[in-house]
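This report concerns only the one structure given below.
In what follows, every heavy atom counts, from backbone to side chain, and hydrogens, waters and symmetry copies are set aside. By convention in this document, chain letters (A, B, ...) are assigned in the order of the sequence lines, proteins followed by strands, and residues within each chain are numbered from 1.
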2 protein chains.
Amino acid sequence: MTTSRSGPKLAKIAETIGVSTATVSNALSGKGRVSDELAARIRRKADELGYVASSAGRALRTGRSGVIGLVLPDIANPLFPQIAQAIEHAATQAGYGVLIGDSRGEIGMQTEAIGRLVERGVDGMVVVPRRGTRVIDIDCPVAVIDTPSTPGNTVSADHFGGGELVARHLAALGHRRVLLVGANRESNVQNDRLAGMRSVSELRTETLWLDERWYEAGQGGTLSLAEKMREGFTAIATVSDMQALRALTELQRNGWRIPEDVSVTGFDDLPWTSIITPSLTSVRMDMARIAGIAIEVLCAAILDPAKIDQTDRKTLRAPIQTVAMTLVERNSTAPPPIRDETAFKGELA
Amino acid sequence: MTTSRSGPKLAKIAETIGVSTATVSNALSGKGRVSDELAARIRRKADELGYVASSAGRALRTGRSGVIGLVLPDIANPLFPQIAQAIEHAATQAGYGVLIGDSRGEIGMQTEAIGRLVERGVDGMVVVPRRGTRVIDIDCPVAVIDTPSTPGNTVSADHFGGGELVARHLAALGHRRVLLVGANRESNVQNDRLAGMRSVSELRTETLWLDERWYEAGQGGTLSLAEKMREGFTAIATVSDMQALRALTELQRNGWRIPEDVSVTGFDDLPWTSIITPSLTSVRMDMARIAGIAIEVLCAAILDPAKIDQTDRKTLRAPIQTVAMTLVERNSTAPPPIRDETAFKGELA
DNA sequence: CTGAAAGCGCTTACAG
DNA sequence: CTGAAAGCGCTTACAG
């Protein structure tokens with residue numbers, strides 16, 4: 001028996017078995033208005049004939065499509081696979097399909113992508129904004145996954161807490177001077193992570209933004225991170241595994257040993273963190289949990305439109321939920337090197 | 001004017017303007033059965049009222065949902081973002097939405113994922129199989145993106161040619177002894193890439209599979225790749241950027257300089273290839289082109305079911321298309337080190 | 001417990 | 001060029 005898109009219809013089942021379509025519908029939906037024996041007989045026959053309900057017919061009648069949209073302004077986000085998988089799984093559990101919406105990295109196209117999803121009749125959507133983009137005027141329930149400090153946020157990882165975790169870990173190992181590395185000054189996520197790191201008082205930190213401005217200042221080139229390190233830092237804590245990978249390979253290439261000479265940490269626990277040498281200490285978010293909450297809140301809003309806050313741009317009127325992050329300790333961190341800090345400072349000249 | 005899912009219906013527009021719904025429908029679909037002035041007036045009013053056609057109504061009437069499925073057995077595949085983005089873009093251009101289907105890496109769940117998409121009424125699907133899984137009994141048009149050597153394939157990158165490209169590049173630099181690194185013996189993609197590499201006669205190659213068997217043989221551990229290199233190889237050509245990253249960091253960690261001591265190449269041109277030090281020479285596939293072809297063939301089959309080959313499991317009856325790959329030369333490759341090969345062999349003891 | 005009927009919103013022959 | 005009517009396949013009050 002093959003699943004089939006143009007197979008028998010409800011009426012066919014009803015006719016074959018000699019009952020009304022209403023009864024078949026009730027039997028199949030299990031609403032219990034049909035005697036057990038008959039219901040069983042109908043189900044058997046439906047299976048036998050390979051019946052698959054028409055989603056169009058159902059959607060037209062019920063007014064709900066059973067599909068939600070997943071919007072990521074930047075699908076190239078390295079976390080995308082994890083997010084997509086978690087959302088797809090949670091949505092499937094809740095009986096929803098997931099339509100993807102991409103704006104190819106261009107902020108202007110986000111509205112179009114969202115519009116396309118609305119046209120396709122999604123019942124709601126999950127939006128993971130990037131770079132402070134805001135969700136505007138969407139006339140359907142929207143769950144936002146960003147940071148606790150983002151207005152309109154629905155659920156997010158505790159990025160601040162994650163930063164704290166990393167900083168505490170380094171402090172516990174004995175590090176005192178830590179170089180913080182960010183990539184995008186506008187990112188709420190990155191700023192929250194950095195704020196968390198800075199909140200650990202044992203550490204003296206300094207922040208380096210490896211962004212366009214840094215390049216423009218002519219500080220790019222192979223050696224500059226290594227040079228910066230000579231100022232006496234014993235560890236680099238980055239806001240993403242990508243930045244950590246960058247720092248790790250650049251330092252290795254310049255003869256630094258990790259973690260003996262310098263500890264390096266990342267964020268997000270991307271798939272390659274454990275295959276590199278040394279494997280990367282990182283912080284993971286519980287995507288399954290976050291996705292589960294987003295879908296749960298979204299479904300509640302879909303079923304009960306009163307949950308949509310009319311005054312506040314249709315965002316969900318649910319308490320913002322924050323999910324703790326977890327430190328994944330690996331080989332890229334170790335106690336600080338035994339060395340005279342002033343000696344290193346001297347090398348600067 | 002906000003896009004709206006529960007806004008005015010066709011009948012509302014018709015009533016407001018004083019024409020029949022048929023005329024509104026014709027005007028909006030631009031089939032040209034309506035006078036230009038009236039059509040323009042209708043369009044203006046529809047815009048003004050924020051009319052969005054009900055996809056359910058249309059789907060039920062036309063028998064087509066305007067949605068296709070994208071199935072990746074392993075959504076954690078690092079290429080997923082690229083594939084998803086390219087497919088989403090091509091599908092959007094063709095007027096289709098994209099529903100994602102994931103089987104969470106478990107082969108057994110692939111059929112379920114496909115079944116769910118069929119239930120949701122997709123008009124067709126794009127499947128990127130992994131590890132020799134086959135597409136079975138799907139009663140809708142399917143375009144398969146795999147390798148030219150996979151039965152039922154629709155379109156794919158020329159993985160063999162990509163392997164050749166890498167090998168020729170290394171040969172042209174002067175390399176003669178190259179270690180080939182694979183990760184999964186079952187993968188058609190990897191085997192095609194390796195076959196292409198081996199086809200370049202100037203090179204003496206040997207293949208190392210860094211898979212479960214290798215680990216079981218007790219050859220894991222930090223130094224073994226480095227040890228293997230002492231047999232006289234001057235370059236490592238891997239079947240994926242992940243393996244290249246692994247080799248690169250492991251060798252760097254053990255004091256090898258890349259590319260001075262050994263050249264390393266990857267495959268797929270993942271986002272981080274250019275941020276690591278040294279940046280990684282890789283091979284990229286033209287995803288946009290591949291996705292474009294897949295969608296084109298799929299749409300043709302959707303519109304003309306005769307294109308579906310009944311005898312051959314519903315796969316598309318279109319000529320298999322192969323898209324050339326491109327070498328992206330970066331800093332991880334250089335002429336072979338000047339050294340006495342026998343001397344290195346001696347070091348083994 | 002079961003059935004007859006209405007209707008979700010569209011598009012498409014068919015008339016005029 | 002425009003309209004009246006049918007019908008896509010379902011579900012849901014409403015009767016019985």
Figure out the [atom1]/[atom2] separation between [X] and [N], and round it to whole Å.
{"X": "Leu10(A)", "N": "dG3(C)", "atom1": "CG", "atom2": "P", "value": "13 Å"}
{"X": "Arg58(B)", "N": "dG7(D)", "atom1": "CZ", "atom2": "C1'", "value": "17 Å"}
{"X": "Leu28(B)", "N": "dT11(C)", "atom1": "CG", "atom2": "C1'", "value": "12 Å"}
{"X": "Glu15(A)", "N": "dG9(D)", "atom1": "CD", "atom2": "C1'", "value": "15 Å"}
{"X": "Leu38(B)", "N": "dC1(D)", "atom1": "CG", "atom2": "P", "value": "11 Å"}
{"X": "Leu60(A)", "N": "dT11(D)", "atom1": "CG", "atom2": "C1'", "value": "10 Å"}
{"X": "Glu119(B)", "N": "dC10(D)", "atom1": "CD", "atom2": "P", "value": "13 Å"}
{"X": "Arg64(B)", "N": "dC10(C)", "atom1": "CZ", "atom2": "C1'", "value": "14 Å"}

* To do: Using atom types as modelled and distance alone, determine if a side-chain donor or acceptor of Asp123(A) lies under 3.5 Å from a backbone N or O of Ile68(A).
  => no

* Asked: Distance-only, no hydrogens or angles: does the Asp102(B) side chain make a donor-acceptor pair with backbone N or O of Gln85(A) under 3.5 Å?
  ->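 No: the side chain of Asp102(B) does not pair with the backbone of Gln85(A).
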
* Would you say a side-chain N or O of Tyr51(B) is under 4.0 Å from OP1 or OP2 of dC10(C)? ->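 For dC10(C), OP1/OP2 do have a side-chain N/O of Tyr51(B) under 4.0 Å.
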
* Does OP1 or OP2 of dG3(D) have a side-chain N or O of Ser20(B) closer than 4.0 Å? ->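 Indeed, a polar side-chain atom of Ser20(B) lies that close.
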
Using atom names, set out every protein N or O paired with an N or O of nucleotides 12-16 of chain C below 3.5 Å, distance rounded to 0.1 Å.
residue : atom : partner  : partner atom : Å
dT12(C) : O4'  : Arg61(B) : NH2          : 2.9

* Asked: Can you list the steps and then say if Gln321(B) with Val297(B) is a side chain to side chain contact (heavy atoms under 4.5 Å, CB included)?
  -> CA-CA 10 Å; Gln321(B) 300 195 52; Val297(B) 172; 4.2 Å; yes

* Structure fact -> In short, Pro8(B) meets Leu49(B) closest at the heavy-atom pair CG-O, 3.3 Å

* Asked: What residues form a side-chain contact (heavy atoms from CB on, under 4.5 Å) with Ser55(A), not counting sequence neighbours?
  -> none

* Structure fact -> Pairing string of DNA chain D (Watson-Crick or G-U wobble, both atom distances under 3.5 Å; | = paired to other strand) is |||.||||||||.|||

* **Reference residue Val24(A); test side chain to side chain contact (heavy atoms under 4.5 Å, CB included); the match among Val19(A), Leu38(A), Thr16(A), Val34(A)** => Val19(A)

* To do: Verify side chain to side chain contact (heavy atoms under 4.5 Å, CB included) between Met125(A) and Cys140(A), making sure each step is shown before the conclusion.
  => CA-CA 8 Å; Met125(A) 43 190 145; Cys140(A) 76; 3.8 Å; yes

* side chain to side chain contact (heavy atoms under 4.5 Å, CB included) between Arg120(B) and Val67(A), intermediate numbers included -> CA-CA 9 Å; Arg120(B) 291 238 136 60; Val67(A) 173; 3.9 Å; yes

* To do: Report which part of the nucleic acid Ala53(A) touches: base, sugar-phosphate, or nothing (heavy-atom distance under 4.0 Å, all strands).
  => sugar-phosphate

* Pairing of Arg116(B) and Glu119(B) as salt bridge, 4.0 angstrom limit ->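 So Arg116(B) does not pair with Glu119(B) through a salt bridge.
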
